[in-house]
Protein chains: 2
Amino acid sequence: MNTQKRKKLEEKGWKFGTVQEFLNLSPEENNYIEVKLALSKGLQKFRKDKKTTQAQLAKMLASSQSRVAKMEKGDPSVSIDLLIRSLFNLGMSKKYLAQILLK
Amino acid sequence: MNTQKRKKLEEKGWKFGTVQEFLNLSPEENNYIEVKLALSKGLQKFRKDKKTTQAQLAKMLASSQSRVAKMEKGDPSVSIDLLIRSLFNLGMSKKYLAQILLK
DNA sequence: TAAATCTATGTCATTTCTGACATAAAGTCA
DNA sequence: TGACTTTATGTCAGAAATGACATAGATTTA
């Protein structure tokens, strides 16, 4: 399954796990996407727990509101690298990161 | 600490954790590097357990021997994305991935 | 419901990553 | 030692990620 196809799906708000049943996502692609979405959700949870806005979070991360929106959405233009670096920048521990991955 | 500086250090075979004591790696930079090196080591361990060569692993990953060498070294030109995708491609589970991160 | 605030999407220039190739360096073994 | 195998390093062109901006869409508040 290519990036474009996945992008389309994510754009339409598909949840993976559901998608894997319909389409031929390989287990490894599925794992990758699950990890990415778990990190995305982790970031969003952090922000909501802090009761702050994407714009404010962007400032903390020296990024932009639009980039934060994409991070929280697990947009294809966002890498796992960026998500992990962001979470660490916000003070998350490796231990908590590992737990997020298992969600 | 910038990429160039880190690159130099990694090139010289520095182990981080040691480095953090000497230089001003921030906790988040240190976490990032530790995660990356843990994944690198995980990949190398996989290969050695399978008693195979970098060239053969490269074939499994549809990559090149040189890229595999860099992955195992945690070279700055290698992203965490690539390491995670590679490990999943080789059949690693999310659970095992999470354990690697805590090493 | 109108204004204000917040989130999502599209696009772009620049930076970084990736696979590949060449070749150097290190290790193995006859 | 010298051939052979394996690993490491440098470089490059093409691909992907990143931050930023503009703006659309959604939500909240007065």
Side-chain angles (χ1 to χ4, degrees), chain A residues 1-14 29 32-33 35-37 39-41 43-89, chain B residues 1-14 29 32-33 35-37 39-41 43-89:
Chain A
M1 187 182 203
N2 63 35
T3 298
Q4 277 311 307
K5 194 172 180 185
R6 182 154 63 220
K7 178 170 187 165
K8 282 284 184 232
L9 290 167
E10 288 184 343
E11 279 170 359
K12 302 214 182 311
W14 285 94
E29 287 171 324
Y32 179 81
I33 292 175
V35 163
K36 190 162 159 181
L37 290 183
L39 294 172
S40 296
K41 296 297 163 292
L43 185 66
Q44 189 168 58
K45 181 177 188 311
F46 173 91
R47 180 175 65 82
K48 293 196 166 169
D49 286 352
K50 298 282 184 195
K51 300 193 193 310
T52 186
T53 67
Q54 292 181 344
Q56 287 179 289
L57 200 70
K59 189 161 280 183
M60 294 185 213
L61 294 171
S63 183
S64 61
Q65 177 272 325
S66 60
R67 182 59 45 195
V68 170
K70 284 164 186 165
M71 283 194 245
E72 291 186 357
K73 282 278 180 179
D75 185 280
S77 78
V78 171
S79 69
I80 285 183
D81 265 79
L82 182 63
L83 289 166
I84 288 180
R85 274 186 278 116
S86 298
L87 289 168
F88 282 148
N89 279 338
Chain B
M1 187 179 203
N2 64 36
T3 297
Q4 277 311 307
K5 195 171 179 186
R6 181 154 63 218
K7 179 169 186 165
K8 282 284 183 233
L9 288 168
E10 288 183 343
E11 278 170 358
K12 301 213 181 309
W14 284 95
E29 286 171 326
Y32 179 81
I33 292 175
V35 163
K36 190 162 159 180
L37 290 182
L39 294 172
S40 296
K41 297 295 163 291
L43 185 67
Q44 190 168 56
K45 181 177 189 313
F46 173 92
R47 179 174 66 82
K48 293 195 166 170
D49 286 352
K50 299 283 184 195
K51 299 192 193 311
T52 186
T53 67
Q54 291 181 344
Q56 287 180 289
L57 200 70
K59 190 161 278 184
M60 295 185 212
L61 294 172
S63 184
S64 61
Q65 177 272 325
S66 59
R67 182 59 46 194
V68 170
K70 283 164 187 166
M71 284 193 245
E72 291 186 357
K73 281 276 179 181
D75 185 279
S77 78
V78 172
S79 69
I80 285 183
D81 268 80
L82 182 63
L83 290 167
I84 289 181
R85 276 185 278 117
S86 297
L87 289 168
F88 282 149
N89 280 338

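Note on naming: letters A, B, ... go to the chains in the order of the sequence lines (proteins, then strands), and numbering restarts at 1 for each one. Just so it is clear, the model here is predicted, and its values are computed rather than measured.
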Q) Counting only N and O atoms by type, is there a donor-acceptor contact under 3.5 Å from the side chain of Lys36(B) to the main-chain atoms of Asp75(B)? A)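 Side chain of Lys36(B) to backbone of Asp75(B): a pair is present.
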
Q.
Could you check whether any side-chain N or O of Lys50(B) sits under 3.5 Å from a backbone N or O of Leu57(B), counting only pairs where one atom can act as donor and the other as acceptor?
A.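 Not a single qualifying donor-acceptor pair exists.
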
To the side chain of [X], which of [options] is closest?
| X | options | answer |
| --- | --- | --- |
| Leu82(B) | dG19(D), dT18(C), dA8(C) | dT18(C) |
| Ser79(B) | dT18(C), dA20(D), dA8(D) | dT18(C) |
| Ala69(B) | dT18(D), dT9(C), dT9(D) | dT9(D) |

Atom [atom1] of [X] and atom [atom2] of [N]: how far apart are they, to the nearest Å?
| X | N | atom1 | atom2 | value |
| --- | --- | --- | --- | --- |
| Ile80(A) | dA17(D) | CD1 | P | 11 Å |
| Ile84(A) | dT18(D) | CD1 | C1' | 16 Å |
| Met71(B) | dA8(D) | CE | P | 13 Å |
| Lys59(B) | dA20(C) | NZ | C1' | 14 Å |
| Leu57(A) | dA8(C) | CG | P | 12 Å |

Contact under 4.0 Å: [X] side-chain N or O vs [N] OP1/OP2:
| X | N | answer |
| --- | --- | --- |
| Arg67(B) | dC21(C) | no |
| Ser63(B) | dG19(C) | yes |
| Gln54(A) | dA8(C) | yes |
| Ser66(A) | dT7(C) | no |
| Arg85(B) | dT18(C) | yes |

Q: Identify which one of Lys45(B), Arg67(B), Gln54(B), Lys48(B) satisfies the side chain to side chain donor-acceptor pair (under 3.5 Å) criterion when paired with Glu72(B).
A: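 Option passing the side chain to side chain donor-acceptor pair (under 3.5 Å) with Glu72(B): Gln54(B).
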
Q. Quick one: does Gln65(A) reach the base of dA20(D) with a side-chain donor-acceptor pair under 3.5 Å?
A.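 Result: no qualifying N/O pair found.
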
Q: Determine whether any donor atom in the side chain of Lys70(B) lies under 3.5 Å from an acceptor atom in the base of dG19(C), or the reverse, and answer yes or no.
A: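 Under the 3.5 Å cut-off, the side chain and the base do not form any donor-acceptor pair.
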
Q. How is Ser64(B) classified with respect to the nucleic acid when contacts are heavy atoms under 4.0 Å: base, sugar-phosphate, or nothing?
A.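 Since a base atom lies under 4.0 Å of Ser64(B), the category is base.
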
Q) Heavy atoms under 4.0 Å, any strand shown: does Val68(B) hit a base, just sugar-phosphate, or nothing? A)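 Touches nothing.
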
